[in-house]
Amino acid sequence: MKLWGGRFTKKTARETSQFLDSLRFDARLYKEDIKGSIAHARMLGRQGIITPDEADLLVNGLMEILEEIKEGKLNPADGMEEDIHSFIEARLVEKVGDVGKKLHTARSRNDQVATDFRLYLKGEISDLNLLLMQLISALVERAEKTKEIIMPGYTHLQRAQPITFAHHLLAYCEMLRRDCGRLKDCYCRMDYSPLGAGALAGTTFPVSREDVARELGFSGICRNTLDAVSDRDFACEFLFDLSLIMMHLSRFCEELILWSSSEFGFVEMDDAYTTGSSIMPQKKNPDVAELVRGKTGRVYGDLIAMLTLLKGLPLAYNKDLQEDKELVFDAVDTVKSCVEILIPLVETLKVNKERMYQAAGGDFTNATDLADYLVRKGIPFREAHGIVGQIVLHCIQEKKRLEELPLEVYQQYCSAFEQDLYDYIDIAACVSRRRVPGGPAPKSVEKELEELKQWLDVQR
Ligand code: ARG
């Protein structure tokens, strides 16, 4: 069944329909579409726009269609209609007869699709939040067991100062926590109902937009009918949030890839989450992490495509807007699959604490602590920095570590050095001293972990 055609004398060309139809991808909005139609039909009945009996017929018909789809008896994607809205309406008319044709009173597909899309994304945000929480939990669990594992912290990919592995994992927890917060914000801003905006200028029927909004679980109505049908800010925001999630995941994956190279040897991914080579029998490749990193590009692409699609688009509805769905669906499917696969990958990650510890002690990562040592003996920091710099240079020339240099040599550079310097620059001591809130010391990590676990509890 076509929803229009009265003013046409010719049939639509097959290639036109093929080009324009969206059912093959918007079929996934069937639940939201039916939910929206049920709320609309009930409201039409309550407001006396149709009779209560007619409303009941529509609602029951719609519920049956929903059941049939859920049970697999009916597959919207197989339909011949233009889009999911036409598909559901056609099935309704088949089921309940002519009264089905009253459903679209005081409504347009423009406010309908905007409503469906918002409802759908609200659901996706909730699902995604749960997944992110699971990933955070997996990281928290690994952090609890790696509080004492010392690794080098880097700047410029050069060893800088020693930290704990748990601290590194907690950095990602913070990113993901902000991601959850952003999704929540996005949810709040999209939580308004477009229904009642009609095609663009509302309706002449005495609808109750507020009732429909309430029944659909929206926190209110879109305040302007033109904006209601043409706004896709919420989709842009959502895509931006997804892009940041991917950016965080790709940074994590990049580190996992680096760390699992034999040059680093810090971690080993479980066989179940790695792959081999068709030619090189010895290989174990971090394909999962690489593909997550790679998929980041396509999510960014979806965001840029969405912004570009909206740029300069006049009010109100234009068919361009139909492009919104594939972009968002692609992005949300991608992000969910990435988060899903990273959860077990994190849970099964093997950590090589000996390698990490060994690496943490190289490249003078305790030089800052040696300077701090002098500061504690009364030397101004800038001066201490200079003295330690000279000592490091000496060590490089002599191929020695700071720990290996005799006290007499230290004292040639500064008389403030005493025997206790050796304990002071021990790598474990350097880490445990970094007890600032949010710092890498096991004590600080413990506090952060407590806070994170409380946060997780509150979210659940
Ligand atoms: N399939 C359309 C979309 O996704 C539904 C809205 C159609 N409205 C219209 N005026 N052609 O945007």
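Note that ligands are numbered from 1 as they come in the structure, with each ligand's atoms numbered from 1 the same way.
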Would you mind running through ligand 1 and noting each atom that sits below 4.0 Å from a heavy atom of Tyr317?
-> 2 (C), 3 (C), 6 (C), 7 (C), 8 (N), 9 (C), 10 (N), 11 (N), 12 (O)
Provide, to 0.1 Å, the distance between atom 5 (C) of ligand 1 and the closest protein heavy atom, together with that atom's residue and name.
-> Asp83 OD2, 3.7 Å
Taking only non-hydrogen atoms of Ser22 and a 4.0 Å limit, the atoms of ligand 1 in range are 1 (N)
Do any N/O atoms on Lys319 end up under 3.5 angstrom from N/O atoms on ligand 1?
-> no
Proximal candidate to atom 8 (N) of ligand 1 [heavy atom criterion; set Asp320, Asn318, Asn110] | Asn110
Going by heavy atoms in the side chains, are Leu313 and Leu321 under 4.5 Å from each other?
-> yes
Hey, does Asp330 have a side-chain heavy atom less than 4.5 Å from the side chain of Leu327?
-> no
Please work out which of the three classes, parallel, tilted or perpendicular, describes the rings of Phe329 and Tyr120, given edges at 30° and 60°.
-> perpendicular
Does a side-chain heavy-atom distance below 4.5 Å link Met151 with Trp259?
-> yes
Would you please say whether a donor-acceptor pair under 3.5 Å links the side chains of Ser137 and Arg460?
-> yes
What do you reckon, is CZ of Arg435 surrounded by more than 12 foreign heavy atoms closer than 6.0 Å?
-> no
Given Glu82, Gln112, Gln322, which has its nearest heavy atom closest to atom 2 (C) of ligand 1?
-> Gln322
Residue and atom name of the nearest protein heavy atom (relative to atom 4 (O) of ligand 1), distance in Å to one decimal = Lys325 NZ, 2.6 Å
